[in-house]
Amino acid sequence: MKRNSDGTIFVAHLAKGGMLTVRPLRNDGGERIGIEVEKEGEGPPLSPEVQRAADTFRLSYGTDAQREAYDFLKRIIVQDKDERHVDAPTVKGVVIADPPEIAEFLLTMLATTRGADAMIGDLNERFTRECKEFGRNRAVRLYWARALRSIGPLLWRAIGKVVVAVVKRFFGAGAA
Amino acid sequence: MDLTTLEQHLLLAVLGLHPNAYGVSVQEHIKDRTGREPSTGSVYASLDRLEEKGFVKSRQGEATAERGGKRKLYFTVTAPGQRALKESLQAIDALSQGLVWKGAAV
């Protein structure tokens, strides 16, 4: 299961401020995982209905907590046509803006540097800002553009590291 | 030690932003001053290379909500990094001194 470095399994950015964090409550040998849904930061509070749904979900367990968390959030997400960012799903007036998963996955696969996590964080930071500024559709396009521009340099860096490692292995430590 | 143009820009940006130099601030600093924004991937790949050479040092920072719980990575230029940058810029200065800009269409 995909986990962030701080142990969270799902983070939904709230474009009006704050975020929804889903983290495991307990983990018995990877089989039974409960999740906790929590709203952090600024922005409108979660409605009683959403809070009730979160409390109920806390009691359920599953083998794929990430998928369940995503389904849970999908269930409580409603499209709010009155919002400025009508293309973004909202939870009772709170805009949820998730970065494109495929682009994020691509970069995670390619980034072999120590700063891989920080790099994704940087893209997320700009994505959240641009969601507020331009709306989700444009923010997604900009995210993709940045991700695609990053593939080349990251790939070259990864290849370079492999070449250096191979040269060191076959020609001794002093060769590279 | 030779530095590429991007490496020069990165070292200058990290020095200028000290102690708040991290990916986004570095990219925006370079864009503001040169008009061209390096890609996120090239910034991290180059900073990784510079760190390997001992020219920059990184430390983990805070994870904010807008970053999806991912920590920032702050960079500082080391003494060898400053020396390499100085030498590199001096080489450019030496090459451009006394240059007569002729032959260029205005």
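Naming: A, B, ... by sequence-line order, numbering from 1 per chain. Just so it is clear, the structure is predicted and the values come from calculations on it, not from any experiment. Side chains included, hydrogens not; waters and symmetry mates left out as well; all remaining heavy atoms used.
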Next item on the list: Apply the test side chain to side chain contact (heavy atoms under 4.5 Å, CB included) to residues B/D93 and B/L89: give CA-CA distance (whole Å), side-chain angles for both, the deciding distance (0.1 Å), then the verdict.
Entry: CA-CA 6 Å; B/D93 271 351; B/L89 294 176; 5.5 Å; no
Next item on the list: Could you give me the CA-CA distance, side-chain angles and deciding distance for A/M119 and B/V43, then say whether side chain to side chain contact (heavy atoms under 4.5 Å, CB included) is met?
Entry: CA-CA 9 Å; A/M119 185 180 71; B/V43 165; over 6 Å; no
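In the displayed structure, A/R169 atom CZ is contacted under 6.0 Å by at most 12 heavy atoms of other residues, nucleotides or ligands. By the 6.0 Å contact criterion, CG on B/L99 is enclosed, its count of non-hydrogen atoms from other residues, nucleotides or ligands being greater than 12.
Looking at A/R126, the atoms closer than 4.5 Å to chain B (heavy atoms on both sides) all sit in the side chain, from C-beta outward. With a threshold of 4.5 angstrom between heavy atoms, B/E28 approaches chain A through side-chain atoms but not through N, CA, C or O. For chain B, the nearby part of A/L123 is the side chain; its heavy atoms alone come within less than 4.5 Å.
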